[in-house]
2 protein chains.
Amino acid sequence: MLSKRSQYALKALSYLTEKYQKGPVLISEISKKKKIPLKFLENILLELKSIGVLDSKKGKGGGYFLIKQPAKIRVADVIRKVNGPIAMLPCVSLYFYERCKDCDEKNCMLHDMMIEVRDATLNILEKRTLVDLLSDR
Amino acid sequence: MLSKRSQYALKALSYLTEKYQKGPVLISEISKKKKIPLKFLENILLELKSIGVLDSKKGKGGGYFLIKQPAKIRVADVIRKVNGPIAMLPCVSLYFYERCKDCDEKNCMLHDMMIEVRDATLNILEKRTLVDLLSDR
DNA sequence: AAATAAGTCTACTTGGTTGGTAGGGTAAAT
DNA sequence: ATTTACCCTACCAACCAAGTAGACTTATTT
């Protein structure tokens, strides 16, 4: 399941996509328009800065804004940052890989099946970008 | 992410698949062979009875055994019982549906994308059965 | 009938995660 | 210097995951 955090992140980013290249947008504005608790949203946006999709300006006239083309910001990357792994098992995760004890990956059928699931999922989430999230309203 | 519970469930069932129609198997045997904490496993097996894939006999010579052909027991159904929803959002879940507030499903692109992900996932997990989990060792 | 084997049931614990909230600090513009 | 707005740290309640403990019930064997 996607966390609230991820859903909020995507909603906020989709709002910023609508306002792309129109100057900084207040956290409070996003919060109000997308019905996201303000302080929670602050925290999420801050985290998103680390994947280089947005930046902020302080002081009057400040706010958040995308610094990357919305069409180049992949849904998968947002989810990975905010939610964590997309795969169903650590041992099949590309970005959060962890070896699994008590299971030889070479001949574990569960492993193989979960790789298939991962690929099918990524095939969708890595092709979709913020632009695909629009017409959301 | 799949819970330990689900992984244990699938491992236990795959062991029972190997022993299909060879009489009851002790929880303690499964526990030892598959390295699953005994009391935790007890609990999981008990829960699995409710989806009608296995039954048990008490007393000496007792144990657990499959009552359905392994080739007809779908991985997806096991996961649903033990782990919960497979979909990434409640509003796109087939078996655990919940309407999402603050998002009109009719024109929420996130919703549509997650339906795609769900279908891609189910296309794999509903086609695979316990038999496909073998050769696991 | 008693002993033993085995699953059943209830309850508890421990640790981590989720979804927040509170409040002061810092930087930038006017 | 004041105001605006993001930054940072800390905290909290509720929930869930993973597992443990122990008594209870049912079935078999002697």
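Below, chains carry the letters A, B, ... as their sequence lines are ordered, and counting in each starts from 1.
Side-chain N/O atoms of B/Lys81 and B/Ser50 include a donor and acceptor closer than 3.5 Å. Judged by distance alone, the side chains of B/Tyr20 and B/Gln69 never bring a donor and an acceptor atom under 3.5 Å apart. No donor-acceptor contact under 3.5 angstrom links the side chains of A/Asn43 and A/Lys39, judged on distance only.
The side chain of B/Tyr8 places no N or O atom within less than 4.0 Å of a non-bridging phosphate oxygen (OP1 or OP2) of D/dA17. Taking 4.0 angstrom as the limit, B/Ser56 places a side-chain polar atom (N or O) nearer than this to OP1 or OP2 of C/dT8.
Taking atom CG on A/Leu2 and atom P on C/dT17, their separation rounds to 18 Å, with Å as the unit. Between the P atom of D/dT20 and the NZ atom of B/Lys4 lies a distance of 13 Å, rounded to the nearest Å. For the pair B/Asn83 CG and D/dA18 C1', the interatomic distance rounds to 13 Å; values are reported in whole Å.
Counting heavy atoms from C-beta outward, B/Leu45 and B/Tyr64 have side chains that approach closer than 4.5 Å.
Counting heavy-atom neighbours within 6.0 Å of A/Lys49 NZ, excluding the residue itself, gives a total above 12.
When heavy atoms are screened at a 4.0 angstrom cut-off, B/Val25 is found touching the sugar-phosphate backbone but no base atom. At the heavy-atom level, B/Lys39 lies under 4.0 Å from base atoms of the strands shown.
The CD atom of B/Gln7 sits 6.0 Å away from the CG atom of B/Leu2 when rounded to the nearest 0.5 Å. Note that CG of A/Leu125 is 13.0 Å distant from CZ of A/Arg118, once rounded to the nearest 0.5 Å.
Within residues 40-54 of chain B, the residues having any heavy atom under 4.0 Å from DNA chain C are, by residue number, B/Glu42, B/Leu46, B/Lys49.
Taking a cutoff of 4.0 Å between a charged side-chain nitrogen and a carboxylate oxygen, B/Glu126 and B/Arg80 qualify as a salt bridge.
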Protein and nucleotides 28-30 of chain C: nitrogen or oxygen contacts under 3.5 angstrom:
from	atom 1	to	atom 2	distance (Å)
C/dA29	OP1	A/Lys57	NZ	3.3

